[in-house]
Amino acid sequence: MNLRDYYDVLGVERNADEQTLKGAYRKMALKFHPDRNPGNKDAEERFKEAAEAYSVLSDPQKRASYDRYGHQGLSGSAGGPGFDPSVFSDFSDILGDLFGFGDMFGMGRGRNRQPQRGEDLRYDLAISFEDSVRGTGIEIQIPRQELCTRCSGSGAEPKDGLTMCPTCRGRGEVVFQQAFLSIRRSCSQCGGRGQLIRRPCTNCRGEGHLSSERKLKVTVPAGVDTGTRLKLTGEGNPGPPGTRPGDLYVVVRVKDHPVFKRHESDLHCLIPVNIAQAALGAEVDLLTFDGLQRVKVPEGTQSGDVIRLRGLGVPFLNGGGRGDVHVHVEVRIPSRITREQRRLLEQLRELLPAENEPEEKGLLEKFREFFL
Ligand SMILES: [Zn+2]
Ligand SMILES: [Zn+2]
């Protein structure tokens with residue numbers, strides 16, 4: 001590879017000062033900028049060469065080394081053989097984004113003139129508690145934009161509807177000249193598309209898309225909860241031609257259940273028992289999401305005791321297992337009793353030990369349960 005002398009490349013004397021270097025580089029950069037020389041490989045090479053020369057000569061250390069040893073003095077640095085596009089990032093103070101180096105050399109500065117994809121949509125879906133536990137498939141109808149099939153989204157009649165934008169000559173960008181700087185802007189006449197609609201599409205009247213109601217089947221997996229977002233890739237609005245459509249997010253809201261409350265993957269419910277059932281034990285039928293379950297209330301159950309039915313709760317969303325059902329037992333004292341019941345209770349009162357001592361130890365234990 002034959003490397004030209006950097007001073008020759010920029011066309012300056014060997015004792016050129018910083019201002020002279022900068023001015024010379026700007027002149028070269030403007031002259032050989034790829035934007036102004038589309039498809040011209042030679043101009044691109046000259047442009048890179050000038051950038052490389054400037055990156056070396058504008059750095060006092062590199063310049064001193066180059067002056068003494070020539071190209072050999074620079075191996076391993078930005079001035080070494082070959083072109084390193086990252087040297088351009090050093091120039092942001094001089095030319096920076098005005099030229100859009102990022103785009104040209106794929107350095108990705110995120111200069112989005114047009115959206116790269118369609119708009120995301122949101123759909124709020126209310127489902128029953130049962131469906132959230134068991135999972136379901138629901139058909140929904142969403143209003144959204146559909147790409148016009150006649151013009152494929154361009155908005156122009158298929159055969160001869162488009163014409164090249166005269167302002168930017170199809171480039172989609174306009175270069176403004178300001179003193180020695182050139183500034184690229186997205187063309188305002190064509191919106192950066194480079195083409196103008198001569199004859200609007202008869203189907204969409206030039207919009208490129210049509211409003212429609214679309215029916216979609218949403219698979220709701222077992223275990224979803226209020227706030228769960230289900231993503232339907234590509235079911236959002238269409239983007240500009242050639243880009244991918246947005247996504248549809250179905251946001252779940254689970255309706256309340258008359259019996260069960262959910263806490264994470266566990267279900268909680270309350271069953272009342274009377275004093276006799278609590279004292280003697282009982283069997284109570286509970287309708288769960290797995291059908292009727294016989295719940296054994298053991299002898300001597302206290303109000304607030306919890307009976308756990310393992311694995312009958314809500315399935316974990318990511319698969320593998322389920323939560324439990326927690327049955328909270330509440331002992332109800334009858335508020336109205338018959339004469340017969342009164343007689344029996346009075347008998348019972350005589351037989352039962354009176355436990356009217358303040359329950360210090362019991363309380364202490366409850367506290368322990370809470371805090372330890
Ligand atoms: Zn159309
Ligand atoms: Zn234009």
Side-chain angles (χ1 to χ4, degrees), residues 29-41 43-44 47 88 95-123 140-216 232-248:
L30 285 175
K31 191 170 166 194
F32 296 115
H33 194 281
D35 260 14
R36 314 176 110 198
N37 306 273
N40 184 338
K41 276 274 153 207
E44 196 180 319
F47 180 72
F88 284 107
L95 301 159
D97 275 347
L98 299 176
F99 276 129
F101 289 118
D103 291 353
M104 263 172 15
F105 300 109
M107 287 160 72
R109 294 259 183 97
R111 299 156 49 91
N112 291 339
R113 290 183 196 91
Q114 278 210 335
Q116 298 301 297
R117 54 192 287 268
E119 183 194 3
D120 289 338
L121 294 177
R122 176 194 167 122
Y123 184 92
I140 61 170
Q141 211 166 0
I142 51 158
R144 71 168 189 191
Q145 301 291 320
E146 300 282 355
L147 206 67
C148 173
T149 47
R150 182 175 171 80
C151 63
S152 309
S154 73
E157 271 292 281
K159 271 193 179 147
D160 55 351
L162 283 173
T163 179
M164 187 200 272
C165 171
T167 307
C168 62
R169 292 201 202 90
R171 296 191 51 77
E173 287 177 332
V174 192
V175 180
F176 293 90
Q177 198 74 42
Q178 269 181 6
F180 43 75
L181 286 181
S182 75
I183 302 169
R184 288 205 310 191
R185 293 249 169 80
S186 182
C187 174
S188 55
Q189 193 174 356
C190 62
R193 284 181 292 274
Q195 289 178 310
L196 292 176
I197 293 172
R198 181 164 55 188
R199 288 178 48 216
C201 169
T202 51
N203 191 32
C204 63
R205 294 201 212 103
E207 294 292 317
H209 42 74
L210 298 157
S211 297
S212 76
E213 291 268 317
R214 186 171 167 94
K215 278 200 182 104
L216 283 173
L232 278 74
T233 305
E235 297 292 356
N237 276 337
T243 66
R244 70 180 189 86
D247 301 322
L248 170 68

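Read the numbers this way: they start at 1 and go in the same order the structure lists the ligands and their atoms.
To the nearest 10 degrees, the angle centred on the Zn ion (ligand 1) between SG in Cys151 and SG in Cys204 reads 110°. With the Zn ion (ligand 1) as the vertex, SG of Cys201 and SG of Cys148 span 110° to the nearest 10°. With the Zn ion (ligand 2) at the apex, Cys187 SG and Cys190 SG define an angle of roughly 100° (rounded to 10 degrees).
Atom SG in Cys201 sits 10.5 Å away from atom CD in Glu207 (nearest 0.5 Å).
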> Should Arg144 and Glu146 be marked as a salt bridge (Lys or Arg N to Asp or Glu O under 4.0 Å) after you check the CA-CA gap, both sets of side-chain angles, and the distance that decides it?
Replying inline: CA-CA 6 Å; Arg144 71 168 189 191; Glu146 300 282 355; 3.1 Å; yes
> Can Ser211 and Gln145 be said to form a side chain to side chain donor-acceptor pair (under 3.5 Å), step by step?
Replying inline: CA-CA 5 Å; Ser211 297; Gln145 301 291 320; 3.2 Å; yes
>> As a quick check of understanding, evaluate side chain to side chain contact (heavy atoms under 4.5 Å, CB included) for Gln116 and Arg244, giving each step before the final call.
In response: CA-CA 7 Å; Gln116 298 301 297; Arg244 70 180 189 86; over 6 Å; no
